[in-house]
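Only one structure is covered here, and it is reproduced in the block below.
The chains referred to below are lettered A, B, ... by the order of the sequence lines, with proteins before strands, and numbering in each begins at 1. No experiment lies behind these values; they were computed from the predicted model shown.
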Amino acid sequence: MQTIEMGVAEITKRLISVIEKDQIFQNITVRGEVSNFKFSGPHAYFSLKEEEYLLNCVMFNAIYRYPSGVKDGTLVKASGAIKVYPKRGTYQLYTESIVEGKDYGELYKKLEQLKIKLKNEGIFDKVKKEIPRFPKKIAVVSSRTSAAFHDVVKTIKKRYPLTTILLFHTSVQGKEAAAEIVNALDAADRSGADVVLLVRGGGSIEDLWNFNEEIVVKKVYAMKTPVITGVGHEVDTTLVDYVADRRAPTPTGAAEYATPDLLEIKKNIELSFSRIVDDMDQKIDESLTSIERSKRRLDFLSPKRQISIKEEKVYEAFSKLKGMLDNTTREKYNLLLRNFEALKHSKIVRTIELVPERLDSKMKMAKQRMSNEISQKVLSLEKMEMSLNAHDPFEPLRRGYAMVFKDEKLVKSVYGLKKSDEIKLKLLDGKILSEVMEIEENGK
Amino acid sequence: MENKKVEEMSFEECYNELEETLKAMEKADVTLEESIELFKKGVALYKRCKFLIDSASLSVKEVLGDLEKEMEVDEDDMGR
Amino acid sequence: MENKKVEEMSFEECYNELEETLKAMEKADVTLEESIELFKKGVALYKRCKFLIDSASLSVKEVLGDLEKEMEVDEDDMGR
Amino acid sequence: MENKKVEEMSFEECYNELEETLKAMEKADVTLEESIELFKKGVALYKRCKFLIDSASLSVKEVLGDLEKEMEVDEDDMGR
Amino acid sequence: MENKKVEEMSFEECYNELEETLKAMEKADVTLEESIELFKKGVALYKRCKFLIDSASLSVKEVLGDLEKEMEVDEDDMGR
Amino acid sequence: MENKKVEEMSFEECYNELEETLKAMEKADVTLEESIELFKKGVALYKRCKFLIDSASLSVKEVLGDLEKEMEVDEDDMGR
Amino acid sequence: MENKKVEEMSFEECYNELEETLKAMEKADVTLEESIELFKKGVALYKRCKFLIDSASLSVKEVLGDLEKEMEVDEDDMGR
């Protein structure tokens with residue numbers, strides 16, 4: 001845990017406020033034995049002692065108001081307020097009045113002895129019983145007419161009227177009282193009450209003495225029902241307080257301890273109720289939020305999106321299918337068209353286009369060749385004819401010559417001829433058959 | 001205690017049951033159906049508590065031996 | 001749990017089933033047919049959840065409405 | 001799977017078969033006759049896929065339509 | 001394969017035969033008579049191929065036409 | 001080959017013989033009588049070749065003509 | 001060769017003899033008698049040559065005439 005740090009002034013102021021807030025400190029009567037009594041000017045400074053405890057006191061202007069019998073060793077009751085003296089860091093009782101106490105020495109001594117005895121018996125080690133929170137019946141052991149009882153009734157009526165108060169009347173003062181108290185307690189213990197209140201108003205040690213009686217203390221110790229004591233005022237402590245299951249400073253306090261505060265209870269009930277309503281609303285809201293979130297997820301995850309994605313994919317596949325088939329058919333169709341062109345321009349088609357022409361030209365050449373040959377030969381023959389004609393031996397006949405033949409032989413000389421020989425004269429345009437009549441030789 | 005009818009419950013039972021009901025509702029694993037049941041029960045308990053408080057009047061009795069005698073308590077009388 | 005009818009399911013059963021259904025729908029390998037079935041189931045579960053919440057809400061309102069009326073009467077009776 | 005009738009196929013079966021068909025058509029050595037057969041099969045698968053998707057879409061719309069109508073009614077009833 | 005009747009050939013058989021025929025026709029030592037026979041055969045194969053591809057094209061168109069009609073009807077039915 | 005009758009010759013035989021004949025005619029030492037004989041033979045071969053090629057042309061053209069007519073019709077049908 | 005009868009001579013034999021004859025005639029020392037003999041021989045040879053060439057020309061013309069007639073008929077048949 002973190003240490004809180006503060007200055008001296010702050011801590012001192014804090015202490016002052018704590019102490020001054022407590023009403024008990026502001027108006028208190030303290031019992032004790034005076035010691036170190038001295039004056040300083042008009043003011044008295046002293047201490048009150050009890051056992052090993054000590055309280056510093058101051059009384060301003062004490063010379064005018066302090067009882068003259070007071071000196072060291074006197075038992076007194078000093079009333080005033082507890083305050084802090086900041087300059088010294090001490091607290092002290094600022095005393096307004098001092099009353100000289102009776103000498104209760106004897107009683108206190110008896111009380112101390114009893115206390116030690118009971119302590120040694122282990123009575124004070126009693127395990128405290130729990131006080132039920134909602135008592136149905138509250139037993140009150142007290143005097144019928146006491147203020148203490150009335151305070152208890154008044155407090156319970158205000159705080160928790162749902163219960164029943166059972167009064168077990170007893171006298172609380174006097175010598176016979178202790179036995180009466182024990183009887184009342186016993187009756188209360190058997191009454192079926194949820195809690196027993198043992199209460200009495202304030203008083204001197206003698207007034208309250210019955211509550212220090214051993215039989216009373218032992219009865220309280222033995223009680224089966226939880227017991228709350230409220231004896232005297234805040235400052236009064238009796239031995240029953242040590243064995244009570246709860247000790248209240250006053251009867252009103254005892255009533256408060258015994259009962260819950262109805263206002264608080266009502267507040268709690270309303271709180272519980274509104275929390276239940278809120279919890280329910282919250283539960284419904286939460287459930288609604290959860291399922292609305294689920295609904296949004298459901299909307300988001302609805303197959304709509306999946307469907308449209310799948311639809312697209314399917315359509316794509318189908319388009320691809322169509323495209324692929326179109327491609328296949330077109331490809332094959334184009335290949336086929338190419339083959340059609342190949343067929344149209346195949347060798348055979350070329351052949352039937354080209355060959356007839358080639359044949360014709362060959363034929364033409366042959367024809368040419370043939371006619372050339374013939375005409376050439378005709379020409380050479382013509383030349384031959386001409387040259388034959390040029391050497392025609394009968395050419396001179398044209399000029400009037402004649403040729404003489406005898407026996408189909410050319411006669412070139414008169415010799416060999418005789419008279420009456422038959423000769424033929426050949427002229428250009430005919431023959432003359434003649435007879436040699438005379439032969440003349442040239443030069444004779 | 002769960003089986004006792006609300007209308008028969010004492011204030012204390014009723015009050016405790018109301019607290020228990022609230023605690024039960026605030027548990028993490030409570031179902032919607034349980035919530036509603038708890039809610040209805042809570043409301044019934046709340047009504048019962050309110051009824052008991054509203055209709056309460058303190059009874060003061062003096063026990064004398066075996067006798068119980070109703071005491072009249074007048075606040076004015078008390079009034080110190 | 002799978003075998004229980006939707007109309008007989010409690011809110012929490014229904015809601016858990018709805019969440020399971022959503023998880024199943026989120027899986028990558030869910031088929032179209034499964035997807036549709038899951039979706040229908042999801043919607044049915046959602047409707048059941050909504051119905052149960054609405055009923056709860058209604059009965060809460062009724063209970064609180066009754067309570068208010070009673071309280072008013074009480075206050076009138078009490079004459080505070 | 002090849003032996004299953006198209007009309008009995010689930011969407012995923014049908015779609016996968018369609019993809020297989022596409023792959024088969026893409027092969028280099030597929031003949032014209034095979035191409036045509038594959039194409040017809042593909043068309044049949046496409047029709048089945050389309051039918052299943054349309055049905056799915058319709059049933060989703062119905063379910064959503066019902067849901068929305070109910071919601072409106074609910075909101076009116078609740079008068080929030 | 002050579003022995004199969006042209007009318008019984010598949011497109012690919014027919015097409016391959018056509019290619020073979022075209023190659024044979026272009027050979028140097030083919031005689032006029034052979035050329036004419038090959039040419040006639042080539043044309044017959046070409047016509048068969050053409051017929052098969054036209055039939056295929058037609059049947060695809062039919063299938064697609066039917067599909068379109070069906071789709072329209074479906075869309076009308078669906079009331080999109 | 002020389003001994004085969006012209007009417008029994010194939011186109012190629014005939015054509016080759018024609019070429020041979022023409023070549024023979026060109027020789028220097030051929031006599032007029034031989035020339036005439038060669039010429040007559042050439043004419044006969046020419047006639048045979050012409051007959052064969054004309055027949056071939058006729059049948060090829062017929063086939064092609066038919067085919068082209070069909071193509072036109074098809075293209076109209078296809079409406080491409 | 002000298003001894004062969006003119007009527008049996010081929011064109012080329014005849015033509016060559018004619019040339020020889022003419023050469024003999026052109027010699028200076030040829031007598032008129034010889035000249036007359038040569039001349040007569042030359043004329044006979046010439047006539048033979050002329051006859052042979054005219055026959056050849058005629059038969060070529062005949063062949064060509066026949067061919068042309070045939071071709072025309074063919075072309076008519078072909079109906080070009």
Side-chain angles (χ1 to χ4, degrees), chain A residues 132-141 144 147 149-169 183-184 187-188 190-194 259-260 262-263 265-266 268-284 286-288 290-291, chain B residues 10-28 30-80:
Chain A
R133 199 172 165 207
F134 300 99
K136 290 187 199 66
K137 285 182 191 166
I138 300 173
V140 182
V141 174
R144 191 183 294 125
F149 175 61
H150 285 170
D151 285 351
V152 165
V153 170
K154 191 178 165 193
T155 305
I156 290 179
K157 182 168 184 157
K158 194 178 77 192
R159 279 175 68 90
Y160 191 66
L162 284 98
T163 193
T164 300
I165 295 174
L166 300 178
L167 170 67
F168 293 86
H169 173 76
N183 285 338
R190 284 183 284 104
S191 69
D194 299 300
T259 51
L262 195 63
L263 281 177
I265 293 287
K266 273 179 160 174
N268 283 345
I269 290 169
E270 292 297 336
L271 197 67
S272 294
F273 172 69
S274 68
R275 268 172 74 182
I276 284 173
V277 172
D278 287 351
D279 286 349
M280 192 65 226
D281 280 351
Q282 203 183 330
K283 184 79 191 171
I284 285 172
E286 270 170 16
S287 302
L288 210 56
S290 299
I291 69 155
Chain B
S10 70
F11 180 78
E12 185 183 2
E13 284 167 347
C14 211
Y15 181 84
N16 288 336
E17 192 74 5
L18 184 58
E19 300 246 298
E20 287 306 313
T21 303
L22 178 60
K23 253 185 243 165
M25 274 189 91
E26 287 183 351
K27 276 185 195 154
V30 72
T31 69
L32 182 67
E33 283 78 7
E34 287 165 355
S35 274
I36 293 181
E37 285 318 302
L38 289 168
F39 171 75
K40 287 180 179 171
K41 189 177 176 188
V43 169
L45 290 164
Y46 168 72
K47 277 159 72 175
R48 171 82 180 152
C49 279
K50 285 277 268 185
F51 169 77
L52 288 172
I53 288 170
D54 291 343
S55 57
S57 77
L58 181 66
S59 157
V60 184
K61 293 172 181 169
E62 181 171 1
V63 184
L64 297 166
D66 294 338
L67 287 173
E68 283 184 5
K69 194 184 90 190
E70 201 72 41
M71 284 178 90
E72 284 301 318
V73 184
D74 192 0
E75 250 178 78
D76 290 345
D77 269 8
M78 314 275 272
R80 276 207 198 187

- Query: What part of A/Leu262 lies closer than 4.5 angstrom to a heavy atom of chain B: side chain, backbone, both or neither?
  - Reply: side chain
- Query: For B/Ile36, is it the side chain, the backbone, both or neither that has a heavy atom under 4.5 Å from a heavy atom of chain A?
  - Reply: both
- Any idea which of A/Ile276, A/Thr164, A/Asn268, A/Ile156 has the most non-hydrogen atom pairs under 4.5 angstrom with chain B? A/Ile276
- Side chain A/Lys283, main chain B/Val30, donor-acceptor under 3.5 Å: yes
- Query: Do the side chain of B/Glu26 and the main chain of B/Lys23 share a donor and acceptor less than 3.5 angstrom apart?
  - Reply: no
- Message: To check you understand the geometry: which heavy-atom pair defines the closest contact between B/Leu58 and A/Val153, and what is its length?
- Response: CD2-O, 3.9 Å
- Query: Side chain, backbone, both or neither: which part of A/Thr163 has a heavy atom under 4.5 Å from chain B?
  - Reply: both
- Query: Got B/Ile53 and A/Ile269 here, is their nearest side-chain heavy-atom distance under 4.5 Å?
  - Reply: yes
- A/Arg144 and B/Glu62 ion-paired at < 4.0 Å: yes
- Item | B/Phe51, CZ: over 12 other non-hydrogen atoms inside 6.0 angstrom | no
- What is the distance from atom NZ of B/Lys69 to atom NZ of B/Lys61, rounded to the nearest 0.5 Å? 13.5 Å
- Whatever's closer than 4.5 Å to a heavy atom in chain B on A/Val277 counts as both
- Query: So which part of A/Lys137 gets closer than 4.5 Å to some heavy atom of chain B, the side chain, the backbone, both or neither?
  - Reply: neither
- Based on non-hydrogen pairs under 4.5 Å, which of A/Arg275, A/Lys136, A/Glu286 is most in contact with chain B? A/Arg275
- Heavy-atom contact with chain A under 4.5 Å, split by part of B/Phe39: both
- Interchain contact, A/Ile138 with chain B, by part (heavy-atom threshold 4.5 Å): neither
- Query: Which bit of B/Ser57 is near chain A, if near means a heavy-atom gap under 4.5 Å: side chain, backbone, both or neither?
  - Reply: backbone
